[in-house]
Amino acid sequence: MGRLTVRGVVGTAVRTVAGLALGTLSAVVAVAFLAQAAPVLAVRHRRSLPPSISASALRLARVERLRVAVFLGGDGSGEFTAGRALRYLASRCPVGLLGGGALTVLGFGVATTVQVLAGWFQGEKPDGIAATWPVVTYLLTVGMLVLFLDLAGLAAVVALERALVRRFLGPSERELMRRRIDQLSASRAGIVEAVDAERRRIERDLHDGLQQRLVAMAMLLGRARRSGSEELYAQAHEESQRAVDELRQVAWRVYPAHLDDLGLEEALATVAERSSVPVRIRCDLAARPAPRIETAAYFTVREAVTNAAKHAGATRIDVQVAVVEERSGPVLSVRITDDGVGGADASGGGLAGLARRAAALDGRFTVLSPPGGPTLVEAELPCA
């Protein structure tokens, strides 16, 4: 896990540096383009843009948006006009050049540090500076301060790049509203499908399980009444106990009453106790989430644990539930991992229902299950 984390940080840093370096080159190209287009724009500022300038501006802006999306994690969707593209290019030129300057300072600092350290290790005195403790402490303090300021500047440039793309090249308010309406329509249809599927499942449980037991018990009671057999009465009593247990199982699968009484952690502990595979629960909650969030988290864990026990051949299941802070606010993170054979189908009935439930709460639901395992099921549910 640590290696994956370090690898992810290094990969992000490399992509960011590459994106800013390309942004510096594109800023120079944009400056040259705007310098050539300025005389034409100054004369025809009240008229429509010339086709050549419009086409070039749109092309440069699309390339820039793609660069930000690939390297800096920006949004790569939405339509924009040539006028917005020109305003974007004019606004981001100083930002791109600023990023290039910050990268130059970083590269110069790294090269100087390597040169000085190499000289000291070889017994030399670079620029007449000996490796004494006061000198090393001073240079280390100044170098760390400059590095921090430079990295903060690079982070600010990345944030500005994203903000400019979102402001000038991102989807309009109307487009965002249309997307939101489509999302709400899809989530509403998904909820209706999930409710219908749950009703059908309950009907099957009652018809194939409880109803059959009640019929068998009625037959036993009828035979016992006709024959007066104490043994048949005893069998009917045992069948009634099984019917009660079956009814409790159906009720538990519909909704666990102790979720409201005891909270999410205790409800998940019950899931772990009922599982045929060892389940380790780690629940880090300072306060109880909203009931709808608690319910979604509970069913996510229960369905994932059931799938891992029945289909994945897992020998261990880990469940982590915690509240994490994101830009949009606190999010309840639910992660279920198992050491099974993998290959879980995210479009299957159970997992697809969980995805619809998460989408109805404006959450995210992901399934990573490569062949051979392991499987990760994760739900992120906004608490606000």
Problem - Flag, side chain of Arg84 to backbone of Arg167, donor-acceptor distance under 3.5 Å - result: yes
Exercise for the section: Could you walk me through whether Arg282 and Asp284 pass salt bridge (charged side-chain N to carboxylate O under 4.0 Å, His left out), step by step? Expected result: CA-CA 6 Å; Arg282 285 189 290 179; Asp284 184 15; over 6 Å; no
Handout entry: From SG (Cys93) to CG (Leu34), nearest 0.5 Å
Key = 5.0 Å
Handout entry: Which atom of Ala272 lies closest to which atom of Ile281, heavy atoms considered
Key = CB-CG1, 4.1 Å
Exercise for the section: With rounding to the nearest 0.5 Å, note down the distance linking OG in Ser333 to CG in Leu381. Expected result: 8.5 Å
Handout entry: Closest heavy-atom pair and its distance - Ile53, Phe33
Key = O-CZ, 3.8 Å
Practice task
Would you mind reporting whether Leu60 and Glu64 have side-chain heavy atoms less than 4.5 Å apart?
Solution key: no
Practice task
State, yes or no, whether a side-chain contact exists between Leu139 and Thr141 at a heavy-atom distance under 4.5 Å.
Solution key: no
Handout entry: Side chain proximity check, Arg162 to Val165, heavy atoms < 4.5 angstrom
Key = no
Handout entry: side-chain hydrogen bond (donor to acceptor under 3.5 Å, both in side chains) assessment of Ser26 paired with Arg92
Key = CA-CA 10 Å; Ser26 64; Arg92 80 153 300 270; 3.3 Å; yes
Handout entry: Any donor-acceptor N/O pair, Arg364 side chain to Ala379 backbone, under 3.5 Å
Key = no
Problem - Evaluation steps, side chain to side chain contact (heavy atoms under 4.5 Å, CB included), between Val271 and Val279 - result: CA-CA 9 Å; Val271 174; Val279 179; over 6 Å; no
Handout entry: pair Thr375-Asp339: side-chain heavy atoms closer than 4.5 Å
Key = no
Handout entry: Worked check of side chain to side chain contact (heavy atoms under 4.5 Å, CB included) between Val367 and Leu376
Key = CA-CA 6 Å; Val367 178; Leu376 167 63; over 6 Å; no
Handout entry: Spatial distance of atom CG (Leu164) from atom CG (Leu169) [nearest 0.5 Å]
Key = 8.5 Å
Problem - Minimum heavy-atom distance between Leu103 and Ala21, given as atom pair plus value - result: CD1-N, 3.5 Å
Exercise for the section: Answer whether the closest heavy-atom distance between the side chains of Val321 and Leu268 falls below 4.5 Å. Expected result: yes
Handout entry: Residues, nucleotides or ligands: over 12 heavy atoms within 6.0 Å of Arg288 CZ
Key = yes
Exercise for the section: Report the C-alpha separation of Phe80 and Leu58 in whole Å, then their side-chain angles, then the decisive distance to 0.1 Å, and conclude whether the side chain to side chain contact (heavy atoms under 4.5 Å, CB included) test is met. Expected result: CA-CA 8 Å; Phe80 53 89; Leu58 290 172; 3.7 Å; yes
Practice task
Measure the shortest side-chain to side-chain distance between Val28 and Leu97 over non-hydrogen atoms and say whether it is less than 4.5 angstrom.
Solution key: yes
Exercise for the section: Group every Ile, Leu, Val, Met, Phe, Trp and Tyr by side-chain heavy-atom contacts under 4.5 Å, then state whether Phe71 and Leu151 land in the same group. Expected result: yes
Problem - Gly99 to Leu154 - nearest heavy-atom pair and separation - result: O-CD2, 4.2 Å
Handout entry: Connected via hydrophobic side-chain network under 4.5 Å: Val105 and Leu25
Key = no
Exercise for the section: Mind checking the CD-CD spacing from Glu294 to Glu265? Nearest 0.5 Å is all I need. Expected result: 11.0 Å
Problem - Closest contact, heavy atoms only, Arg67 versus Gly19 - result: NH1-O, 2.9 Å
Completion exercise
Separation between CZ (Arg65) and CD (Glu161), nearest 0.5 Å, reads 14.5 Å
Exercise for the section: Indicate, with yes or no, if Leu361 and Val323 share a hydrophobic cluster defined by side-chain heavy-atom contacts under 4.5 Å among Ile, Leu, Val, Met, Phe, Trp and Tyr. Expected result: yes
Fill in the blank from the handout: Closest non-hydrogen atoms of Pro94 and Ala90, given as atom of the first, atom of the second and distance, are CD-O, 3.6 Å
Exercise for the section: Evaluate side chain to side chain contact (heavy atoms under 4.5 Å, CB included) for Leu285 paired with Leu332, printing each intermediate quantity in order. Expected result: CA-CA 9 Å; Leu285 298 176; Leu332 182 65; 3.5 Å; yes
Practice task
Verify the cluster assignment for Leu66 and Tyr88: are they in a single hydrophobic cluster under the rule of side-chain heavy atoms below 4.5 Å apart?
Solution key: yes
Handout entry: Main-chain N/O of Gln320 paired with Arg335 side-chain donor or acceptor, under 3.5 Å
Key = no
Problem - Gap separating the CZ atom of Arg316 from the CG atom of Asp338, nearest 0.5 angstrom - result: 9.0 Å
Practice task
Establish whether Ile317 and Val341 are linked, either directly or via other cluster members, by ILVMFWY side-chain heavy-atom contacts under 4.5 Å.
Solution key: no
Practice task
Flag the pair Val331 / Cys383 as yes when at least one side-chain heavy-atom distance between them is below 4.5 Å, and no otherwise.
Solution key: no
Practice task
Could you tell me whether the side chain of Pro374 reaches within less than 4.5 Å of the side chain of Thr337, counting heavy atoms only?
Solution key: no
